[in-house]
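Report on the structure given below.
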Amino acid sequence: MPLSRQICGLSTQLLNVCIASLCKARNLEKAEAVLIDGIRLGCIPDVVTYNTLITAYCRFVGMDEAYSILYRMREVGIKPDVITYNSLIAGATRYCLPSRALELFDEMLQIGLAPDEWSYNTLMHCLFKTGYPEEAYKIYLDMILKNITPSSATYNTLINGLCKMGKAVYAVRLFRNLQKLGFSAGLVTYNTIIDGLCKCGRIDQARRILKELGESGCAPNVITYTTVMKCCFRWGKFEQGFEIFYEMMNKGYNSDVFAYCTVISTLTKKGMLTDANACVEQMLGNGIGLDKACYNTLLYLLCREGKLEIAFQLLNEMEEGGLEGDEYTYSILVNGLCKMGYIDAAFKQLRLMEVRDFKSNLVAYNCLIDGLCKVGEVDSAMKLFNKMKSKDPFTYTSLLHGLCRKGRFRVASKLLLTCLREGMNVLRSAQRAVITGLQSSGFKRDAGKLRTALRLAQLSQY
DNA sequence: TTAGGGTTAG
């Protein structure tokens, strides 16, 4: 090979290493600057250079920006390859865009690129994640028809898809059948199944799989510990959960941001705010980097402590650091403001949410309904209720309690009947409040009718 | 490409 070509190849390789390291550090601006400087110095970017940028834009910025790299790549005459498309499909999965993922998959076929195992796995994952299990399974069948050998990632994606749909029992059945065919489960498989079983309350079965994991020679990791710990918290076994956390630390597994986040939010919910703060100190002392979910947990803790000013300072720090608040962030703040009685400020945050067009504002609306009821502004709560596009049992429960507190039992009764017609269940305490309220204010017949309707609704659930 | 964490009622 001529020396000039060798030097050029070497420069491209160096350019790619440099860009990859900047992308890994999420410094995309610098990565772009390096690309421009590199070209000026005679380095010729290749498909790897652009794929690295596309992957990073998909992960850290957004699909539009990733597409703009694709166009630039085509402009300079570099053809996208299977990896380009796989990265874009992964991006579409990240942003829950199943149609986009399918379009990209079709586009690959149209331009004569043969999707590989990764393309199929990613597309399958996307369809499961966005609620299209049947289509995901069709993709799996297509993969088999095309003679592409599924890997453990393929099977894990299928198992995970079933678990996420709440069908952990089927996931275990699939897992057993695969084992009979020689599939050797790894830690990812075990962790997936344990989580699926824990989330649907099949603790004993989860324990058996955990035991099996121990016997398989596979060592559990921090994900296994966090999964089991969370399971204990979810089912009210707090002491056991905290013991698992300490066991993990004592055994030398370094707790990561997920584990700390799980413990801090549980302590906060239980009102153990001193312990929660001690845990935060420990986490920060261990140099754990904060991500969005963790910032949200810390905001939640600050709101519970009534430290709203510090909470907003933390929000600024988060957004200045490049992490935009999401529906969790703003719902936590709306709730914190409502709990302190700052209703106007809470409305302001809700408006911000509407501008930002989050996927759902339901929790924030519910917090405001509850907040308005608690400060006695039930009419405003009703107004807001009528504006809401979707409602859930939380919405009705808060409003029912608010109406009962004001002695408006007949309005509450009507609302409860509407709620039943929509197939929603509200807390027993709210049902009792309406019935006893009707009775004590002389509407005994209405109370009786309501009780019958509640019984019928209960029966129809079986 | 596949596994764990974050918000609302009483």
Side-chain angles (χ1 to χ4, degrees), chain A residues 55 83 86-87 89-90 93-94 115-126 128-129 150-161 163-164 185-196 198-199 220-231 233-234 255-266 268-269 290-301 303-304 325-336 338-339 358 360-371 373-374 392-402 426-433:
Chain A
T55 308
I83 296 174
N86 288 352
S87 296
I89 295 172
T93 306
R94 178 174 288 270
D116 63 6
E117 183 224 320
W118 280 41
S119 328
Y120 278 99
N121 289 351
T122 315
L123 185 59
M124 247 172 65
H125 175 54
C126 180
F128 269 125
K129 187 181 171 187
S151 68
S152 57
T154 316
Y155 296 129
N156 287 340
T157 304
L158 278 173
I159 290 171
N160 185 40
C163 286
K164 291 292 181 294
L187 192 52
V188 175
T189 325
Y190 281 110
N191 284 347
T192 309
I193 293 176
I194 292 168
D195 185 57
C198 284
K199 283 198 176 124
N221 63 1
V222 63
I223 297 180
T224 325
Y225 274 100
T226 313
T227 304
V228 179
M229 179 172 75
K230 176 71 194 174
C231 176
F233 292 151
R234 181 174 289 118
S255 209
D256 62 9
V257 70
F258 279 68
Y260 275 115
C261 211
T262 311
V263 174
I264 294 165
S265 75
T266 303
T268 308
K269 270 187 198 147
L290 306 186
D291 63 7
K292 202 182 281 185
C294 193
Y295 268 110
N296 288 342
T297 307
L298 299 184
L299 285 172
Y300 175 48
L301 171 58
C303 286
R304 279 292 296 260
D326 59 7
E327 60 253 54
Y328 283 84
T329 319
Y330 286 91
S331 303
I332 290 165
L333 292 169
V334 166
N335 186 40
C338 286
K339 288 280 189 298
F358 291 125
S360 166
N361 296 346
L362 179 60
V363 174
Y365 267 99
N366 284 347
C367 294
L368 255 162
I369 295 267
D370 195 57
C373 288
K374 295 253 168 73
D392 69 0
F394 280 78
T395 330
Y396 284 98
T397 302
S398 290
L399 198 51
L400 286 171
H401 275 292
V426 293
L427 283 184
R428 284 285 171 90
S429 63
Q431 298 176 9
R432 270 198 304 270

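Chain letters run A, B, ... following the sequence lines, proteins first and then strands; every chain starts at 1.
The A:D392 side chain lies nearest to B:dT8 when the options are B:dA3, B:dT8, B:dT7. For A:Y300, whose side chain is taken as the heavy atoms from C-beta onward, the closest listed nucleotide among B:dT7, B:dA3, B:dG10 is B:dT7. Of the listed nucleotides (B:dT7, B:dA3, B:dG5), B:dT7 has the atom at the smallest distance from the side chain of A:Y328. Checking B:dG5, B:dT2, B:dT1 against the side-chain heavy atoms of A:N156 singles out B:dT2 as nearest. Nearest nucleotide to the side chain of A:H401, out of B:dT7, B:dA9, B:dG10: B:dG10. If you check B:dT8, B:dA3, B:dA9 against the side chain of A:K164, the one that comes closest is B:dA3. Closest contact between the side chain of A:D291 and the listed nucleotides B:dA3, B:dT8, B:dG5 involves B:dG5. The side chain of A:T157 lies closest to B:dT2, out of B:dG5, B:dA9, B:dT2. For A:E117, counting side-chain heavy atoms from C-beta on, the closest listed nucleotide (B:dT1, B:dT7, B:dT8) is B:dT1.
Across all strands shown, A:V222 has heavy atoms under 4.0 Å from base atoms, whether or not it also approaches the sugar-phosphate. If you check every strand for non-hydrogen atoms under 4.0 Å, A:L427 touches a base. Residue contacts for A:V263: at a heavy-atom cut-off of 4.0 Å it reaches no nucleic acid atom on any strand shown. The residue A:T122 sits close only to the backbone: its heavy atoms come under 4.0 Å of sugar-phosphate atoms, none of a base. At a threshold of 4.0 angstrom between heavy atoms, the contacts of A:D326 include nucleobase atoms, whether or not backbone atoms are also involved. Nucleic acid contact class of A:T226 (heavy atoms, under 4.0 Å, all strands): base. Nucleic acid contact for A:T227: sugar-phosphate only, since backbone atoms but no base atoms lie under 4.0 Å from a heavy atom of the residue. Residue A:C294 is in base contact, counting any heavy-atom pair closer than 4.0 Å across all strands shown. Among the protein residues, A:K339 comes within range of the sugar-phosphate backbone only, with heavy atoms under 4.0 Å from sugar or phosphate atoms but none that close to a base.
Distance A:I223 CD1 to B:dG4 P: 8 Å, rounded to the nearest Å. In this structure, A:N86 places its CG atom 9 Å from P of B:dT1, rounding to the nearest Å. Rounded to whole Å, the distance from NZ on A:K292 to P on B:dG4 is 18 Å. Whole-Å rounding puts the A:Y190 OH to B:dT2 P distance at 21 Å. Note: CD1 (A:I194) to P (B:dG5) measures 13 Å, nearest angstrom. Atom-to-atom, CD1 of A:I369 to C1' of B:dT8 comes out at 11 Å; the value is rounded to the nearest Å. In this structure, A:R432 places its CZ atom 18 Å from P of B:dA9, rounding to the nearest Å. The NZ atom of A:K199 sits 9 Å away from the C1' atom of B:dG5 (whole-angstrom rounding).
Remark: A:N191 CG to A:T227 OG1 distance equals 5.5 Å, nearest 0.5 Å. A distance of 11.5 Å separates OG1 in A:T189 from CG in A:L158, rounded to the nearest 0.5 Å.
For A:D256 against B:dG5, a side-chain-to-base donor-acceptor contact under 3.5 Å is absent.
Residues A:N335 and A:D370 bring no donor and acceptor atom of their side chains to less than 3.5 Å of each other. Side-chain contact, A:E327 with A:S360: no donor N or O sits under 3.5 Å from an acceptor N or O. Checked by atom type, the side-chain pair A:N366/A:T395 shows a donor-acceptor distance below 3.5 Å. Between the side chains of A:T157 and A:N160, no donor N or O sits under 3.5 Å from an acceptor N or O.
OP1 or OP2 of B:dG10 has at least one side-chain nitrogen or oxygen of A:K374 nearer than 4.0 Å.
Under a cut-off of 6.0 angstrom, the local environment of CD1 in A:I83 is sparse, with at most 12 non-hydrogen atoms contributed by other residues, nucleotides or ligands.
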